[in-house]
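Here the structure is laid out as C-alpha cells; the discussion comes afterwards.
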Amino acid sequence: MFLKNARLAGGACVCVRVLKGLVAEIGASLKPHAHEEVLDCEFKTLLPSAIDLGVFLHNLNRPTYAHLKAQAYKGGVGSLMGVPLAPLYSLKEADMEPLEFAQEYSDTAFSPLDYGAAREAIACGDVICLHPLGSDQRLQDLALLRAMLPASIQACLYLYNLEGQKLLPVLDYARMLSLKLVCGVRGYEGRFSMGIMDQTPLAYALGLPSVSPLIQVKEVGKVAGLALHTQLDVLLDSVVEPDAFKIITATRALGAPLWVQTPLHHLILEESIYQHYDPRTKILPPLKNKEKQAHLRALLAQEIDMLTSLHYTHPLSLHIFEDAPFGMQSIEAFFPLAYTHLVASGCISLQRLIELIATNPARFLGLNCGALEVGKEARLMLVDLKGKSQVDNPASIYHQQVLKARVEWIMRADGVVYL
C-alpha cells in the first residue's frame with residue numbers, strides 16, 4: 001500500500017510505502033509502483049495509533065469487546081489491554097461485594113482464554129491480561145495459559161493487592177514466561193461507597209467519603225521495592241499522588257525498572273466536578289484539586305511514561321452517586337481529548353503526546369511499533385488536526401463536547417478501518 005500526501009508530526013509532507021504490514025519506505029519523492037494500492041492522506045497527519053493498557057471490562061462477552069474496539073478505533077486506539085474487573089472484586093474483605101459478572105460461555109469456559117472477549121482480543125491482536133489468581137483465589141496455571149496464546153500475542157500479568165506467598169510464585173512465573181507486570185495502585189475497586197474523594201475541604205463540604213493518599217503511596221512503595229529487587233519491568237497503573245512520584249523517582253535512581261501510567265482524566269478534570277454528584281465522574285483514584293492537577297501536568301515532561309483512558313465498559317449507572325460503580329468512559333475520544341487539553345493548550349508537544357500514547361507503551365511491551373519509522377509495524381492512524389469531533393456517548397462525562405482533531409482511519413495488519 002502506498003500512502004501519499006501524509007504529514008508527519010513535525011509537519012513535513014511525505015509518502016509512505018507499507019509492505020506486508022511493515023513500513024518499507026518514507027520519503028518526499030517516492031512514487032507508487034504499478035498496480036500498487038494508493039491511499040491519499042490529503043495532507044492530514046499520519047501518526048502511530050495509540051496503545052491503551054488501562055481499559056476495564058465489566059463482563060467477558062464477545063459483543064462487549066467488539067463494541068469496545070469500535071469505540072477505541074474512533075479514539076485513535078489501535079491496540080489495548082482489557083482488564084477483567086471481576087477478579088479485582090473477589091478479595092475477601094468486609095463489605096466488598098462483586099459486581100455482576102456476565103459470562104458468554106458460562107457452561108463451557110474452563111480458562112480465561114475461552115471467554116468471548118478473550119477470543120475477540122486475540123483475533124484483534126490485542127494484549128491479553130492474565131490475572132495470577134483464579135476465582136477461588138488460587139494460583140492459575142500461567143504456563144499453560146501462555147502456551148495457549150499465539151506467539152504473536154503479548155500477555156501481561158495484572159497484579160492487584162497481592163502479598164507474601166501468593167506474590168512470590170507470580171514473580172517467578174513472570175520471569176520464566178517473560179510476562180510483563182502491570183500493577184494496579186488505584187485503591188479498593190469493590191467498595192463503591194468508600195473513598196470517593198481525596199481528603200480535602202470539598203469532600204467534607206459535599207458530605208462524601210474520602211480516602212487517604214497513603215492507599216496509593218503504600219502500594220507504589222511496595223511495588224517499587226519489588227522492581228528494584230527483582231529487576232523485572234513493572235508498569236504502575238494510574239499513578240496520581242505527588243508522594244508516590246517521589247518514591248518512584250528515588251527508586252528509579254537506584255535502578256528500579258519502573259514505568260508509570262497516568263489517567264488522562266486527572267489531567268483534564270479536577271475535583272470541583274464532584275459538586276454535581278454525577279455518577280459519570282466517579283473514578284479511582286479520585287480526581288485531584290487544581291494544585292495537584294497542575295503538578296501532574298508538569299510531570300508529563302519526563303516522569304510520566306504513558307497515558308491511559310482508564311475506560312470502563314459498564315453501562316451508564318442509574319444508582320445514586322455514592323452507590324454507583326467506579327469507572328468513566330472516554331476511549332472513543334482518547335486522541336481528541338489528549339490533543340485538545342494537552343497539545344493545543346500548550347502543555348506538551350504533539351511528538352511528546354505520541355511518546356506517551358504509542359512509543360512508550362510499545363517499548364514496555366517489547367512490540368515493534370509505536371513509531372512511524374522504516375521497519376516498524378504499520379499500526380497507524382490518520383488524523384485531521386484542523387478538524388473537530390464531537391463526543392457522542394451519553395455514558396461519558398464528555399458527552400456532546402466539541403474537541404479539536406478528528407481521527408479519519410486506523411491502519412491494522414489486515415487493512416484500514418475507516419471511521
Side-chain angles (χ1 to χ4, degrees), residues 51-58 80-93 96 98-99 101 112 127-135 137 139-140 142 155-164 166-167 170-171 173-174 179-192 194-196 211-227 230 232-241 244-245 247-248 256 258-266 282-287 304-314 325-328 331 361 364-365:
I51 302 172
D52 193 341
L53 301 181
V55 180
F56 291 82
L57 307 175
H58 79 288
L80 60 88
M81 180 176 74
V83 183
L85 276 168
L88 307 187
Y89 293 165
S90 61
L91 301 178
K92 309 302 181 184
E93 298 190 47
M96 188 175 284
L99 191 69
F101 189 53
V127 182
I128 297 298
C129 173
L130 299 176
H131 285 285
L133 306 182
S135 58
Q137 294 296 292
L139 188 66
Q140 299 201 80
L142 297 174
C156 293
L157 275 179
Y158 194 89
L159 307 187
Y160 176 74
N161 280 357
L162 280 186
E163 304 285 350
K166 291 180 178 177
L167 180 58
V170 169
L171 299 180
Y173 267 110
L179 296 172
K180 299 295 183 179
L181 292 173
V182 182
C183 295
V185 294
R186 289 183 309 285
Y188 295 117
E189 286 281 356
R191 296 183 173 182
F192 299 152
M194 298 181 66
I196 295 175
V211 61
S212 168
L214 285 175
I215 294 293
Q216 180 163 108
V217 173
K218 172 185 72 72
E219 284 298 304
V220 167
K222 179 183 76 176
V223 175
L226 174 155
T230 63
L232 292 170
D233 280 1
V234 176
L235 173 60
L236 292 163
D237 178 33
S238 300
V239 183
V240 295
E241 292 294 344
F245 278 98
I247 294 173
I248 292 166
L258 291 172
W259 300 72
V260 177
Q261 179 167 266
T262 295
L264 183 59
H265 306 294
H266 294 72
K282 194 170 177 184
I283 188 173
L284 272 183
L287 297 172
I304 294 172
D305 300 302
M306 307 178 203
L307 295 179
T308 174
S309 67
L310 197 58
H311 179 93
Y312 283 59
T313 61
H314 59 61
F326 290 107
M328 295 176 65
I331 199 168
F364 169 72
L365 294 168

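We count residues from 1, following the sequence as given.
At least one donor-acceptor pair closer than 3.5 Å links the side chain of His314 to the backbone N or O of Phe326. Within the 3.5 Å criterion, the main-chain N or O of Leu53 finds no donor-acceptor partner in the side chain of Thr308. The closest donor-acceptor contact from the side chain of Gln216 to the backbone of Val185 lies under 3.5 Å. Of the possible polar contacts, none joining the His265 side chain to the Met328 backbone as a donor-acceptor pair under 3.5 Å is found.
Take Lys222 and apply the side chain to side chain donor-acceptor pair (under 3.5 Å) test, not counting sequence neighbours, and it matches Glu163, Glu219. Taking the ring pair (Phe, Tyr, Trp, His ring centres under 6.0 Å) definition, one finds that His311 meets it with nothing, sequence neighbours left out. With sequence neighbours excluded, no residue forms a salt bridge (Lys or Arg N to Asp or Glu O under 4.0 Å) with Asp52. Partners of Asp233 under the side chain to side chain donor-acceptor pair (under 3.5 Å) rule, at least two apart in sequence or in another chain, do not exist in this structure. Residues satisfying the side chain to side chain donor-acceptor pair (under 3.5 Å) criterion with Ser238, sequence neighbours excluded, are absent altogether. By the side chain to side chain contact (heavy atoms under 4.5 Å, CB included) test, Ala224 pairs with Ile247, Thr251, Leu258, sequence neighbours left out. In this view, Glu241 and Lys288, Lys292 satisfy the side chain to side chain donor-acceptor pair (under 3.5 Å) rule, not counting sequence neighbours. For Val223, the side chain to side chain contact (heavy atoms under 4.5 Å, CB included) test picks out Cys183, Val234, Leu236, with sequence neighbours left out. Residues meeting the side chain to side chain contact (heavy atoms under 4.5 Å, CB included) test with Thr230, sequence neighbours left out: Leu171, Arg175, Leu226, Leu232.
In this pair, Tyr158 and His131 present their aromatic rings perpendicular. The plane angle is above 60°, beyond the 30 to 60° band.
Minimum heavy-atom separation, Val239 to Thr262: O-OG1, 2.9 Å. Nearest approach of Cys129 to Pro84, heavy atoms of both residues: SG-CD, 4.1 Å.
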Let's go through His266 and Ile283 carefully: what are the C-alpha distance in whole Å and the side-chain angles of both, what is the deciding distance for side chain to side chain contact (heavy atoms under 4.5 Å, CB included) to 0.1 Å, and is it a yes or a no? CA-CA 10 Å; His266 294 72; Ile283 188 173; 3.7 Å; yes
